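This report concerns only the one structure given below.
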Amino acid sequence: MIDPRILRDEPDRVRASQAKRGASPDVVDRALEADTARRAAIAAFEEKRSAQKTFGKQVAQASGDEKQALLAQVKQLSAEVKDLEAAQTTADEAWTTALKAIPNVVADETPAGGEDDFVVLEEIGTPRDFAAEGFEPRDHVELGRMLGAIDLERGAKVSGSRFYFLTGVGAQLELALVNLAMEQARGAGFTQVIAPSLVRTEAMAGTGYLDQGGGEDIYRIEGEDLYLVGTSEVPMAAYHSQEILDGASLPRRYASFSPCFRKEAGSHGKDTKGIIRVHWFDKVEMFVYATLEDAADEHQRLLAWEKEFLDKLELAYRVVDIAAGDLGGSAIRKFDCEAWIPTQGKYRELTSTSNCTDFQTRRLDTRGRFGDRTGPIATLNGTLTAITRAIVAVLETHQQADGSVRVPQALRPHLGGLEVLEPVSR
RNA sequence: GGAGGCGUCGCCUAGUCUGGUCUAUGGCGCCCGCCUGCUAAGCGGGUUUGGGGCUACAACCCCAUCGAGGGUUCAAAUCCCUCCGCCUCCGCCA
């Protein structure tokens with residue numbers, strides 16, 4: 001949730017942000033009304049409660065008839081306190097609901113508009129010209145089959161559509177990518193984490209995911225208060241919930257591995273072929289707790305680390321500044337790195353990094369201690385590598401005419417020195 | 001999964017049976033000051049968090065906060081219920 005002070009003191013800033021997202025400003029006024037009502041309810045309750053407490057002390061000291069007389073008087077007061085407390089609770093819940101309905105206030109730099117209004121910040125590398133090389137590129141499905149790396153048929157047989165098995169060099173490739181990512185993260189001072197991929201409602205709601213379309217894309221475990229996470233951003237955001245972190249310890253950087261589960265409910269018919277869009281994949285995610293002042297700079301650093309990794313995979317990609325309407329509700333700004341996918345003839349998202357400022361920490365009750373006071377802190381997240389999409393980009397980009405795939409230099413040490421993935425006969 | 005025990009303001013801890021000066025005890029740690037060639041020791045003071053009022057987001061006043069949420073009561077750390085977590089034993093298992 002956003003800072004209530006911004007809502008109170010600068011409601012127009014919030015309205016402007018809503019406009020930039022292409023969303024209604026009504027939520028702002030509803031929240032302001034709820035705030036006024038809540039504060040009135042608090043004042044009413046506290047006044048009566050204070051009177052009740054004073055009375056209670058007299059009761060404790062009195063005895064006999066005097067005590068009975070006091071008890072008779074205070075009984076009515078007690079009933080009033082109870083009603084006012086209930087009213088306060090109701091008003092407070094209404095306020096929280098209204099406040100949570102407001103997405104984060106987007107950054108000034110964030111482009112206005114929707115999905116198609118992104119701004120390309122830079123293009124790195126040059127897409128391979130297969131025509132000039134004299135052969136037609138195979139897509140990752142065919143390459144995966146030839147290499148014995150990806151088994152979609154059996155994935156569908158066992159688990160249904162949008163599932164896969166990684167086999168042989170495919171499995172090796174995943175572990176190599178994970179190791180390369182973790183190695184880089186470790187070198188940059190990140191704490192490596194293996195995070196739980198099932199979390200409680202509290203954690204899932206804290207990141208803001210349940211508010212976006214009511215969690216349509218999220219798997220829930222039947223009969224239990226557990227959700228399967230779509231990213232380890234969720235457990236890592238909840239990791240320090242209800243904690244006060246030493247301000248001097250910031251930024252705290254985590255590189256977290258976890259499987260990710262997504263229903264992909266809203267993407268029927270999209271990317272049905274291959275492993276571009278699947279119900280489950282593994283991912284190494286960077287997650288950072290930082291000061292509010294440092295958050296924008298840290299966001300750039302996360303982007304730099306993402307680029308460093310894509311450079312190691314020797315991919316052609318571009319960096320995109322996502323428009324306000326296409327941001328998650330938690331983020332004020334988001335950069336995607338999109339790699340060139342030869343057989344699709346376009347750039348596809350491989351990594352994504354968001355600056356969520358204090359939006360998540362407010363919900364999850366994570367604060368910082370700065371000297372003798374406590375204050376809000378920021379969270380940021382960024383993909384180091386999402387395995388399936390990395391595999392797609394690597395296979396398609398580095399394929400050779402005979403269906404073999406050249407292994408990028410940086411990956412070789414993690415594949416036992418393997419320089420080329422060769423087709424296998426099955 | 002079964003049985004039992006436990007959860008107090010950074011850490012440890014008193015208090016819970018017998019509800020009411022608990023505005024929660026004491027120790028450790030930490031912070032400020034005094035003392036002191038320096039350090040240590042000693043002495044004095046301070047030290048949960050959130051919210052509301054008023055305001056300079058100070059001071060001050062008030063409310064809540066004893067794992068969480070309900071309930072009983074004039075009054076709950078204390079009694080009752082539900083949930084969560086931890087520990088011990090048993091069962092099961094990678």
Side-chain angles (χ1 to χ4, degrees), chain A residues 1-11 13 31-100 194 196-206 221 223-227 235 238-250 252 259 291-293 357-377:
Chain A
M1 61 185 90
I2 65 167
D3 186 345
R5 261 194 304 252
I6 293 177
L7 179 71
R8 265 176 230 146
D9 301 342
E10 308 167 80
R13 228 181 102 196
L32 284 170
E33 283 167 28
D35 186 31
T36 307
R38 160 181 162 270
R39 290 202 272 178
I42 287 173
F45 161 71
E46 288 187 353
E47 192 190 337
K48 280 283 185 222
R49 176 67 174 155
S50 187
Q52 185 198 26
K53 282 178 75 169
T54 307
F55 234 105
K57 280 172 189 162
Q58 291 175 35
V59 173
Q61 282 167 7
S63 58
D65 290 346
E66 191 189 359
K67 185 163 187 168
Q68 292 311 312
L70 283 169
L71 282 181
Q73 290 180 51
V74 82
K75 205 147 189 166
Q76 171 63 22
L77 190 58
S78 176
E80 287 174 25
V81 168
K82 202 165 183 176
D83 289 346
L84 286 170
E85 184 170 21
Q88 188 208 321
T89 304
T90 305
D92 204 67
E93 282 167 358
W95 151 248
T96 306
T97 304
L99 190 62
K100 280 184 175 171
I194 311 288
S197 42
L198 283 90
V199 301
R200 292 206 177 131
T201 303
E202 228 179 329
M204 190 56 85
I221 303 293
E224 307 217 21
D225 181 29
L226 286 173
Y227 294 87
Y239 187 60
H240 285 302
S241 61
Q242 293 160 57
E243 292 182 29
I244 300 174
L245 305 179
D246 179 5
S249 73
L250 304 175
R252 290 200 189 201
T291 63
L292 291 179
E293 296 72 33
T357 61
D358 52 343
F359 192 83
Q360 296 178 330
T361 54
R362 275 181 197 283
R363 291 172 164 236
L364 289 160
D365 190 23
T366 304
R367 286 157 288 158
R369 183 177 300 287
F370 305 96
D372 58 355
R373 65 174 56 195
T374 61
I377 62 175

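Everything numeric in this text was worked out from a predicted model, so none of it was measured. Heavy-atom basis, side chains included; hydrogens, waters and symmetry copies ignored. Letters A, B, ... mirror the listed sequences (proteins, then strands); counts begin at 1.
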> Between the side-chain atoms of A/Glu46 and the base atoms of B/rG53, is any donor-acceptor pair under 3.5 Å?
Replying inline: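 By the distance-only test, no, there is no pair.
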Can you tell me how far [atom1] in [N] sits from the matching atom in [M], rounded to whole Å?
| N | M | atom1 | answer |
| --- | --- | --- | --- |
| B/rA76 | B/rC66 | P | 11 Å |
| B/rA94 | B/rU13 | C1' | 40 Å |
| B/rA14 | B/rC57 | P | 43 Å |
| B/rG45 | B/rU88 | C1' | 44 Å |
| B/rC22 | B/rC80 | P | 23 Å |
| B/rA59 | B/rC17 | P | 38 Å |
| B/rA58 | B/rG51 | P | 12 Å |
| B/rC93 | B/rG50 | C1' | 44 Å |

Across all strands, who's sitting opposite [N] as a Watson-Crick or G-U wobble pair, both distances under 3.5 Å?
| N | result |
| --- | --- |
| B/rC6 | B/rG85 |
| B/rC60 | B/rG53 |
| B/rU21 | none |
| B/rC66 | none |
| B/rU36 | none |

Within less than 4.0 Å of OP1 or OP2 of [N], is there a side-chain N or O belonging to [X]?
| X | N | value |
| --- | --- | --- |
| A/Arg49 | B/rC62 | no |
| A/Arg39 | B/rC63 | no |
| A/Gln52 | B/rC74 | no |
| A/Arg369 | B/rU49 | yes |
| A/Arg200 | B/rG85 | yes |
| A/Ser50 | B/rC62 | no |
| A/Lys53 | B/rU21 | no |
| A/Arg38 | B/rG51 | no |
| A/Thr374 | B/rG50 | yes |

Using a 4.5 Å cut-off on heavy atoms from C-beta on, say whether the side chain of [Y] contacts that of [X].
| X | Y | answer |
| --- | --- | --- |
| A/Thr361 | A/Arg363 | no |
| A/Pro4 | A/Trp95 | yes |
| A/Glu85 | A/Lys82 | no |
| A/Ile377 | A/Asp358 | no |
| A/Leu245 | A/Arg369 | no |

>> With side-chain hydrogen bond (donor to acceptor under 3.5 Å, both in side chains) as the criterion, how do A/Asp365 and A/Ser241 come out once you've worked through the C-alpha distance, each side chain's angles and the decisive distance to 0.1 Å?
In response: CA-CA 5 Å; A/Asp365 190 23; A/Ser241 61; over 6 Å; no
Within this structure, what is the [atom1]-to-[atom2] distance between [X] and [N], rounded to whole angstrom?
| X | N | atom1 | atom2 | answer |
| --- | --- | --- | --- | --- |
| A/Ile42 | B/rG53 | CD1 | C1' | 11 Å |
| A/Trp95 | B/rG52 | CH2 | C1' | 13 Å |
| A/Lys48 | B/rC63 | NZ | P | 14 Å |
| A/Gln88 | B/rG51 | CD | P | 13 Å |
| A/Ile244 | B/rC30 | CD1 | P | 20 Å |
| A/Arg373 | B/rU49 | CZ | C1' | 15 Å |
| A/Asp92 | B/rC63 | CG | P | 18 Å |
| A/Arg5 | B/rU55 | CZ | P | 17 Å |

>> On RNA chain B, does the nearest nucleotide to A/Lys82 precede the nearest nucleotide to A/Ala51 from the 5' side, or the other way round? Give the residue.
In response: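 Looking at the nearest nucleotide for each, A/Ala51 comes out on the 5' side.
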> Taking for each residue the nucleotide of RNA chain B with the nearest heavy atom, is it A/Thr89 or A/Val74 whose nucleotide lies nearer the 5' end?
Replying inline: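 Final value for this comparison: A/Thr89.
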> Considering all heavy atoms of both residues, which atom of A/Leu99 and which atom of A/Met1 are nearest to each other, and what is their separation?
Replying inline: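 Smallest interatomic distance, heavy atoms only, reads CD2-SD, 3.5 Å.
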>> Testing the basics here: between A/Leu226 and A/Arg200, what is the closest heavy-atom pair and its distance to 0.1 Å?
In response: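 Smallest interatomic distance, heavy atoms only, reads CD2-N, 4.1 Å.
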> Which part of the nucleic acid does A/Phe55 contact within heavy-atom distance under 4.0 Å: base, sugar-phosphate only, or nothing?
Replying inline: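 Contact class for A/Phe55: none.
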